[in-house]
Protein chains: 2
Amino acid sequence: MKKGMKNKNFSPETVCGSEDAAAIREMMTRIGDKWSIFLICSLSKTPNQRARFSELERTIPGISQRMLTTTLRHLERDGLVTREVFPEVPPRVEYELTDLGRSLLLPMQALVDWVGNHWSAVKKARSKVDDK
Amino acid sequence: MKKGMKNKNFSPETVCGSEDAAAIREMMTRIGDKWSIFLICSLSKTPNQRARFSELERTIPGISQRMLTTTLRHLERDGLVTREVFPEVPPRVEYELTDLGRSLLLPMQALVDWVGNHWSAVKKARSKVDDK
DNA sequence: CGGCATCCGTTCCGATACTG
DNA sequence: CAGTATCGGAACGGATGCCG
């Protein structure tokens, strides 16, 4: 990196305890909430990363209408998805991953993979602790 | 992958809507909670990924004694950190990242880097939405 | 179909006080 | 020093009903 260039990355040294911590926290509470990650994953698997409301509702088991709306609004506010309303009857609304949202897929997949590879170890550790 | 070999990874196709979703959710609520990520980052930066209670308390601004204890216990239960008590007066307790915990650093860093690279875009998207 | 408004139980988490 | 115990406000999220 060039000298004097403003570093837009957060170095590992400054993750905790800096003002950047607020950014980390805000994104973690966004993608760490109950449904966001499933919503993003679901969208990423549809053609054009695009799907309508009812489609998402079917794809994600257990999600309520309320939480689907709420979560989509949050993702839209953060620029991760777009919302397009088609003025028809009955109404149709389509959601699509933005480029910003797509850029999140790789780090998220890394996390998903970690769970795939290590979940059994976590479960084992839990049962060991819980037995006491 | 060999035929008949049990796949321990979750494929992207099965992330949502499978029983594996529960594993994803549980790990997300663990590292997505208010303090875990800072705790893991803090530990990762100490020599030997090892630090005592009061050291962590100083390193992480704003954390209460209660949440520090609670979060450490959760991480310990999941096998991500160890807890060692030294029978001295005054008492000393040291926490250390396990190998399992260390293996989480890479995917977590990927997420932290994403925030570093894209946080300004998120903020911009937010203000654009909020202005309406 | 794709919402929104309301209610309400549960969980989270900070503050405070106390302890071996 | 490194906790534990208790309280209370706030936020999360499910259920339900209504609506253009």
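Chain A is the first sequence line, chain B the second, and so forth, proteins listed ahead of strands; every chain is numbered from 1. Please read these numbers as outputs of a predicted model, since none were measured by experiment.
Distance check, rounded to the nearest 0.5 Å: OG of A:Ser64 to CH2 of A:Trp35 gives 7.5 Å. One distance of note links CG of B:Leu111 with CG of A:Leu106; it measures 11.0 Å at 0.5 Å rounding. Interatomic distance, A:Thr70 OG1 to A:Gln65 CD, rounded to the nearest 0.5 Å: 10.5 Å.
For the pair A:Arg30 CZ and D:dG13 C1', the interatomic distance rounds to 14 Å; values are reported in whole Å. Atoms CD (B:Glu55) and P (D:dG3) sit 14 Å apart, rounded to a whole Å. What separates CD of B:Glu76 from P of D:dG3 is a distance of 10 Å, to the nearest Å. Between the CZ atom of A:Phe38 and the C1' atom of D:dG13 there is a distance of 15 Å, given to the nearest Å. In this structure, B:Gln65 places its CD atom 9 Å from C1' of D:dT4, rounding to the nearest Å.
Using a cutoff of 4.0 Å between basic side-chain nitrogens and carboxylate oxygens, B:Arg50 and B:Glu94 are scored as salt-bridged. Electrostatic pairing of A:Glu84 and A:Arg52 does not count as a salt bridge here, judged by no charged N lying under 4.0 Å from a carboxylate O. One finds a salt bridge joining A:Arg126 and B:Glu26 here, because a Lys/Arg side-chain nitrogen approaches an Asp/Glu carboxylate oxygen to under 4.0 Å.
Across its full length, the helix from C:dC1-D:dG20 to C:dG20-D:dC1 shows an angle of 50° between the axes of its 5 terminal pairs at either end, rounded to 10 degrees.
Residue contacts for A:Glu57: at a heavy-atom cut-off of 4.0 Å it reaches no nucleic acid atom on any strand shown. Using a 4.0 Å heavy-atom criterion, one finds that B:Arg66 contacts the bases of the nucleic acid, with or without backbone contacts as well.
One finds a side-chain N or O of B:Ser54 lying less than 4.0 angstrom from the OP1 or OP2 phosphate oxygen of D:dA2. For D:dG3, the OP1/OP2 oxygens have no side-chain nitrogen or oxygen of B:Arg92 closer than 4.0 Å.
Protein chain B touches strand DNA chain C; the 5'-most and 3'-most nucleotides with an atom under 4.0 angstrom of its non-hydrogen atoms are C:dC13 to C:dG20.
Contact of the B:Ser120 side chain with the B:Lys124 side chain is not registered, since no non-hydrogen atoms from C-beta on lie closer than 4.5 Å.
Considering every non-hydrogen atom in both B:Phe38 and A:Ala21, the closest pair reads CZ-O, 3.5 Å.
A donor-acceptor contact under 3.5 angstrom links the side chains of A:Asp33 and A:Ser36, judged on distance only.
Under a hydrophobic clustering in which Ile, Leu, Val, Met, Phe, Trp and Tyr are joined whenever their side-chain heavy atoms come within less than 4.5 Å, directly or via other members, A:Val85 and A:Leu72 fall into the same cluster.
Remark: of the listed residues A:Ile40, A:Leu43, A:Leu39, A:Thr71, A:Leu43 is the sole one forming a side-chain contact (heavy atoms from CB on, under 4.5 Å) with A:Val81.
Listed in residue order, the members of residues 77-90 of chain B having a heavy atom less than 4.0 Å from DNA chain D are B:Arg83, B:Pro90.
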